[in-house]
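Data first, discussion second: the structure below is written as structure tokens.
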Amino acid sequence: MFDLTGKVAIVTGGSRGIGRAVSETLARSGAHVVVNYAGNEAAARETVEKIHAAGGKADAKQFDVSDPAAVDAAISEVHKRLGRLDILVSNAGIAMDQLLLRVKPEEVERTFATNVSGAIWCAKSAMRIMMRQKTGRIIHLSSVVAESGNPGQAVYSASKAALIGLTKTLAREYASRGVTVNVVAPGFIETDMTSSLSDEAKKMILAQTPAGRVGRPEEIAAAVLYLASDEASYVTGQVLRVNGGMYV
Ligand code: NAP
């Protein structure tokens, strides 16, 4: 089950946190994984080395998802070099948390350029290839707060909600071409992104989580693996919530 042998995957922000777990999981299932990163080359190298040590196939590729020319050049190069592109996981994301009245224009611009435009540019470049192949899987990493809202995360939650609209539209546009497009919406997961939260904020989040614990990156990766697999061929336009019951 969930055999990705012979498939090629790109994981944006695949070098750390949830993205790293996704990269490792897809590689363990047989895919050649291109681990994208923005600036932290050491983390990307470490992820690739871990995959190689486990007998998997991977390489690291730097590009900024918010730069459409860089995205297109990188995805074209991967296609040319590896001969196909089966799976795109748009995982790269940033959070600049702030109450609405303190939000600065540059924070809105940067968050949307990475979280929303980044996913659009990656999907656009990948879709051209996947349509010709007549098969493909695109998976967007949204968040529980896209649907539940969360004080202090107006900009982030708006950007994550945009990914749900993007996914539903792309699912309708490309289902007939054999490409599925879905969302995984994680709850509170232990990564660098959440490590800076105060103990008080963490306590509040846990109080709202029926599972009574934070999630692990591997638990998100398992959901991504399912949506990336042949077994999920009739699933498109869906939001798969992996949140310990935090939003049901
Ligand atoms: P993280 O630990 O902060 O890692 C972020 C990753 O994204 C890094 O690999 C980073 O690369 C990359 N990245 C950032 N900006 C980029 C850009 N412009 N171009 C290319 N890569 C870029 O984040 P995480 O917690 O694993 O979160 C991963 C995804 O899940 C995000 O979309 C996040 O919004 C979502 N999510 C997370 C949680 C959670 O609780 N952690 C909950 C819900 C949703 P560099 O290291 O090179 O900068």
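Order of listing sets the numbers, starting from 1, for every ligand and every atom in it. Computed from a predicted structure; not experimentally measured. All heavy atoms count here, side chains included; hydrogens, waters and symmetry mates do not.
- Legend: residues meeting ring pair (Phe, Tyr, Trp, His ring centres under 6.0 Å) with Y226, ordered by chain and number and at least two apart, are F2.
- For the salt bridge (Lys or Arg N to Asp or Glu O under 4.0 Å) test, residues two or more places apart in sequence or in another chain that qualify with R45 are E41.
- In this structure A119 satisfies the side chain to side chain contact (heavy atoms under 4.5 Å, CB included) test together with S90, H140, L163, L166, sequence neighbours excluded.
- Contact record, V65 with C122: CG1-SG, 4.0 Å, taken as the closest heavy-atom pair.
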Need the list: ligand 1 N/O atoms against protein N/O atoms, distance under 3.5 Å, rounded to one decimal.
{"residue": "ligand 1", "atom": "9 (O)", "partner": "G13", "partner atom": "O", "Å": "3.3"}
{"residue": "ligand 1", "atom": "9 (O)", "partner": "S15", "partner atom": "OG", "Å": "2.8"}
{"residue": "ligand 1", "atom": "18 (N)", "partner": "D64", "partner atom": "OD1", "Å": "2.9"}
{"residue": "ligand 1", "atom": "19 (N)", "partner": "V65", "partner atom": "N", "Å": "3.1"}
{"residue": "ligand 1", "atom": "25 (O)", "partner": "T191", "partner atom": "OG1", "Å": "2.5"}
{"residue": "ligand 1", "atom": "26 (O)", "partner": "I18", "partner atom": "N", "Å": "2.8"}
{"residue": "ligand 1", "atom": "32 (O)", "partner": "N91", "partner atom": "O", "Å": "2.7"}
{"residue": "ligand 1", "atom": "32 (O)", "partner": "K160", "partner atom": "NZ", "Å": "2.8"}
{"residue": "ligand 1", "atom": "34 (O)", "partner": "Y156", "partner atom": "OH", "Å": "2.5"}
{"residue": "ligand 1", "atom": "34 (O)", "partner": "K160", "partner atom": "NZ", "Å": "3.0"}
{"residue": "ligand 1", "atom": "40 (O)", "partner": "I189", "partner atom": "N", "Å": "2.8"}
{"residue": "ligand 1", "atom": "40 (O)", "partner": "I189", "partner atom": "O", "Å": "3.1"}
{"residue": "ligand 1", "atom": "41 (N)", "partner": "I189", "partner atom": "O", "Å": "3.3"}
{"residue": "ligand 1", "atom": "41 (N)", "partner": "T191", "partner atom": "OG1", "Å": "3.1"}
{"residue": "ligand 1", "atom": "46 (O)", "partner": "R16", "partner atom": "NE", "Å": "2.7"}
{"residue": "ligand 1", "atom": "46 (O)", "partner": "R16", "partner atom": "NH2", "Å": "3.0"}
{"residue": "ligand 1", "atom": "47 (O)", "partner": "A38", "partner atom": "N", "Å": "2.9"}
{"residue": "ligand 1", "atom": "47 (O)", "partner": "G39", "partner atom": "N", "Å": "2.7"}
{"residue": "ligand 1", "atom": "47 (O)", "partner": "N40", "partner atom": "N", "Å": "2.8"}

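- The existence of a salt bridge linking D59 and K61 is excluded, since no basic side-chain nitrogen approaches an acidic carboxylate oxygen closer than 4.0 Å.
- Neither side chain, T12 nor N91, offers a donor N or O lying under 3.5 Å from an acceptor on the other.
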